[in-house]
Amino acid sequence: MCGIIGYIGKKQALPILINGLRRLEYRGYDSAGVAVSDGKKFTKIKAVGKIEKLAEKLKPLDLNGSVGIAHTRWATHGGVTEANAHPHSACADDLVIAHNGIIENYRELKEKFLKGHELKSETDTEILAHLIEVFYKGNLTEAVRTALKEVRGTYGLAAMHSDEPDKLVAARFGSPLVIGVGDGEYFLASDTSPMLAHTKEVIFLDDGEIAEISLSGLKISSLDSKNITKYSETIDWDEASAQKQGYEHFMLKEIFDQPAVFKDAIRGRYNLTEGTAHLGGLNMTSEQMHSVSRVILLACGTASYAALVGKYALERLAGIPTEVDVGSEFRYRDPIIDRNTLVFGITQSGETADTLAALREAKRKGAFVRGIVNVIGSTLARETDGGTYMHAGPELAVASTKAYTNMVAVLILYAIQFGRLNRLTQATGERLIAALLEIPTKMKEVLAQSERIKTIAEKYKDSVGMLFLGRGINYPVALEGSHKLKEISYIHSEAYPAGEMKHGANALLGPHFPVVAIMTKNQLYEKMRSSVEEVRARKSPLILIATVGDESARELADDVIYVPPTMELLEPLLNTIPLQLFAYHTAVALGRDVDRPRNLAKSVTVE
Ligand code: G6P
């Protein structure tokens, strides 16, 4: 995600920029940097770590200037190093930029325009800085415009040039930017949270717009040079709600982030015409990939339920026997591993002690060890010989939601990639990729039902326990739905594979005991429906997750939440979302501390 802040006015820029970065830290916090202009030249200071590290480094320096930009990073392209931190310059130090987003065609741009340019970082942003330098002929706005016409990808961009010291240039495509209008001063930021201390008058830039901000005024134009008139609006958010972008809790914001971050997880990693996926970070030759006879997925908590979805996908698409184990068990059970075993550690934080220990054990025994990780440069990312970043952006709520979705997305891509090496046909591969591309729109259809799910949650909030049922690919979904409910609402819940009910859990059923069942239209629909009818007969209140168009579900259930149809293996990407919302609204209705549930931590770095 990353955060940008810029200032132009008459005050000292540095304190405004640093305080602004502190407000933006929730967007990313692995490194940060600032550039301030004293009217002649820039001073650029960067540091690895949280904003406070940068602030400490700046303390002894006397950085004067009333124009500047700053950035807090959440690495997506290149490791967490000072060189990769923003702002970036080009060959000369007279240009600085800070950028959020991904420049997809950075390789092409480098080859076409940057012969003879010396790059100092591994970032796509630096390529953009050099590109602007190539086109700079004394007018920064025009250089930015020309450069962006060559770019494919997403950006929220802030740029300054020392030849035009009283000017900031901003541009947006896919990555938000807001301009704050003060009294003889302007602010620029990724969201409103850093400017609320200074002004509530803001202008939201739209995709394809470039803003030239100077003390003599603000000019907004389109990429093709048409002038655009925009008026400021007054916002009434406080700082905390601005960080949550108006959502009441980080968890709700992160649930709603899912359509966007899912796109980040799959972007550039599939080939529709060949019906395949390509996760380059795997670092295995095709010979080594062919030699894999077994996969083990190691994880804890929510990540372990994402791993279970991965097991179904890898076995079904690639025909590779796959096991899932939680780190705390695997590390002590003397696991059987050989050189043809591929082990993935799956973890949002990359720091979960049990997952790390389990992975080290697998490595000791000679397996191929890879990671599926969210936090760039985390311990697990550093200790594995390759793997994939899931690009979910910073996840702050303890209960994991968007990281789960992106773990599932990456595992499905791996299943397609390994599948295409053996039994998966191109036609099925194509259908899967096409269906993956439809997921974000379908996720939005589920999210649009949040208010109705809230009403359902309020109806059942006083239950003493609940049961979640699923079969096949929806059994892990039931496990995750139950996990979410118990961790944030503190209502006891269990998940069962529906076919197992007759061996014990049927004894729990009755009018006091609600059941949530996932009964979407797939090959196990009829089987699932029989189990649901048994629940009905025993008079448990029934909440069904059903496929749009399945009107018969209404006759069976007390409440139905409809989800759009998709290919069976992709159903968890949609079916988990109503359960996340159900848990969230139940916890809110009970007055729980949703983002920080009792006795739980976001990252469990001890055994
Ligand atoms: C903690 C969190 C869970 C998370 C689990 C694994 O228990 O509360 O939300 O699923 O750790 O975390 P990881 O960072 O390894 O995915």
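Remember, it's 1-based here, ligands and their atoms both numbered in the order they're listed.
Screening V477, I561, L447 for a side chain to side chain contact (heavy atoms under 4.5 Å, CB included) with I577, the sole residue that qualifies is L447.
Surrounding NZ of K53 are at most 12 heavy atoms belonging to other residues, nucleotides or ligands under 6.0 Å away.
For N374, the side-chain hydrogen bond (donor to acceptor under 3.5 Å, both in side chains) test picks out Q348, with sequence neighbours left out.
Taking the centre of each ring, Y305 and H483 come in below the 6.0 Å mark. Checked against the 6.0 Å centroid threshold, F468 and Y496 do not count as a close aromatic pair.
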Which protein N or O atoms sit under 3.5 Å from any N or O of ligand 1? Give atom names and distances.
{"from": "ligand 1", "atom 1": "8 (O)", "to": "A601", "atom 2": "O", "distance (Å)": "2.9"}
{"from": "ligand 1", "atom 1": "9 (O)", "to": "V398", "atom 2": "O", "distance (Å)": "2.9"}
{"from": "ligand 1", "atom 1": "10 (O)", "to": "T302", "atom 2": "N", "distance (Å)": "3.1"}
{"from": "ligand 1", "atom 1": "12 (O)", "to": "T352", "atom 2": "OG1", "distance (Å)": "3.4"}
{"from": "ligand 1", "atom 1": "14 (O)", "to": "T347", "atom 2": "OG1", "distance (Å)": "3.3"}
{"from": "ligand 1", "atom 1": "14 (O)", "to": "Q348", "atom 2": "N", "distance (Å)": "3.4"}
{"from": "ligand 1", "atom 1": "14 (O)", "to": "S349", "atom 2": "N", "distance (Å)": "2.8"}
{"from": "ligand 1", "atom 1": "14 (O)", "to": "S349", "atom 2": "OG", "distance (Å)": "2.6"}
{"from": "ligand 1", "atom 1": "14 (O)", "to": "T352", "atom 2": "OG1", "distance (Å)": "3.4"}
{"from": "ligand 1", "atom 1": "15 (O)", "to": "T347", "atom 2": "OG1", "distance (Å)": "2.7"}
{"from": "ligand 1", "atom 1": "15 (O)", "to": "T352", "atom 2": "OG1", "distance (Å)": "2.4"}
{"from": "ligand 1", "atom 1": "16 (O)", "to": "Q348", "atom 2": "N", "distance (Å)": "2.7"}

Please step through ring-ring contact (aromatic ring centres under 6.0 Å, His included) for the pair Y475 and Y312, ending with a clear verdict.
-> CA-CA 10 Å; Y475 171 48; Y312 281 81; 7.8 Å; no
